[in-house]
Amino acid sequence: MNGPIGVFDSGFGGLSVLSDLQRSLPQADFLYLGDNARAPYGTRSFDAVYRFTLQAVEWLFAQGCPLVILACNTASAKALRNIQQRDLPRLDPARRVLGVIRPTAEAVGALSRTGVVGVLGTPGTVASGSYDIEISKLHPGFRVVAEAAPMWVPIVEQGFADSDGADWFVREAVDRLLARDPDIDTIILACTHYPLLYRKIRAAVPPHIAVVRQGTIVADSLCHYLRRHPNIDTAISRGARTRYCTTDHAPGFARLAGIFLGHPIQAETISLT
Ligand code: DGL
């Protein structure tokens, strides 16, 4: 039986990845799930993020998704490995769960000339050291400088991404990161919520430094993956439909998601507990 590609995030952030996935795979069906009722994940324990993410994956599998993308760096950092190694064999070895950190770490090799890469992420992603581990594995000699931007997710989740008040918090985290190393020439926005602040971040970062969003990187990597795994590719249903689900209030989700996506959507409330 065929089914949609599941796209999971703690809240709205994964929409920034979903829109690039929709552009790259226009015929594919998608099922987006935001765990808005329990966002943010970035300040939660390893165990809580793992438990919540596993519940989301189980729910998406129960809806028939043959493939789930954890479009959330915090979930990718704290839950992906356990789910792939411990849970997938038990749940359904024929399905796949993929994250966003590995493809981003792969892509950064071609982007940085100095080899000094700045990472802005949630406290959880930064504390996990996942980018440092993946980037040094793939690009020996690169140096990763990571700083947390703990206020950026609440600003986005509460709908203040375009507010004047957000400017101060954007500049504060960018300045803190850049003060760590003058050779940073590439900054990864290692949280799927952050592209929603892109204009403000770009304005706060000197023009010679690249600011990298993950959406197109993850979409390109998925297309490449599907070419190499025809069994997963053929299990994806293709009707160009997307269903949007949230664990919180559906009308509120639909309103903000519509603003982020630039077109109106309908949403449903589901429960993971
Ligand atoms: N958007 C998620 C990420 O990419 C995390 C946001 C949160 O803290 O819930 O890390």
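Note that ligands are numbered from 1 as they come in the structure, with each ligand's atoms numbered from 1 the same way.
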Aromatic ring centroids of Phe12 and Phe253 under 6.0 Å? yes

Go ahead and list the nitrogen or oxygen contacts between ligand 1 and the protein that come in under 3.5 Å, distances to 0.1 Å, or just say none.
residue	atom	partner	partner atom	Å
ligand 1	1 (N)	Asp9	OD1	3.2
ligand 1	1 (N)	Thr192	OG1	2.8
ligand 1	1 (N)	His193	ND1	2.6
ligand 1	4 (O)	Asn73	N	2.7
ligand 1	4 (O)	Asn73	ND2	3.1
ligand 1	4 (O)	Thr192	N	2.8
ligand 1	4 (O)	Thr192	OG1	3.2
ligand 1	8 (O)	Tyr41	N	3.2
ligand 1	8 (O)	Gly42	N	2.7
ligand 1	9 (O)	Ser10	OG	2.5
ligand 1	9 (O)	Tyr41	N	2.6
ligand 1	10 (O)	Asn73	N	3.3
ligand 1	10 (O)	Thr74	N	3.0
ligand 1	10 (O)	Thr74	OG1	2.7

In short, Trp59 meets Ser271 closest at the heavy-atom pair CD1-O, 4.3 Å

Item to complete: Please state whether the rings of His229 and Tyr225 are parallel, tilted or perpendicular, taking 30° and 60° as the class boundaries.
Response: parallel

For this session: Mark yes or no for whether Gln84, through its side chain, and Val97, through its backbone, hold a donor-acceptor pair below 3.5 Å.
Result: yes

Here the pair of heavy atoms bringing Glu172 nearest to Arg176 is OE2-NE, 2.8 Å

Tested for side-chain contact (heavy atoms from CB on, under 4.5 Å) against Ile69, the lone hit among Leu222, Leu60, Asp9, Leu18 is Leu222

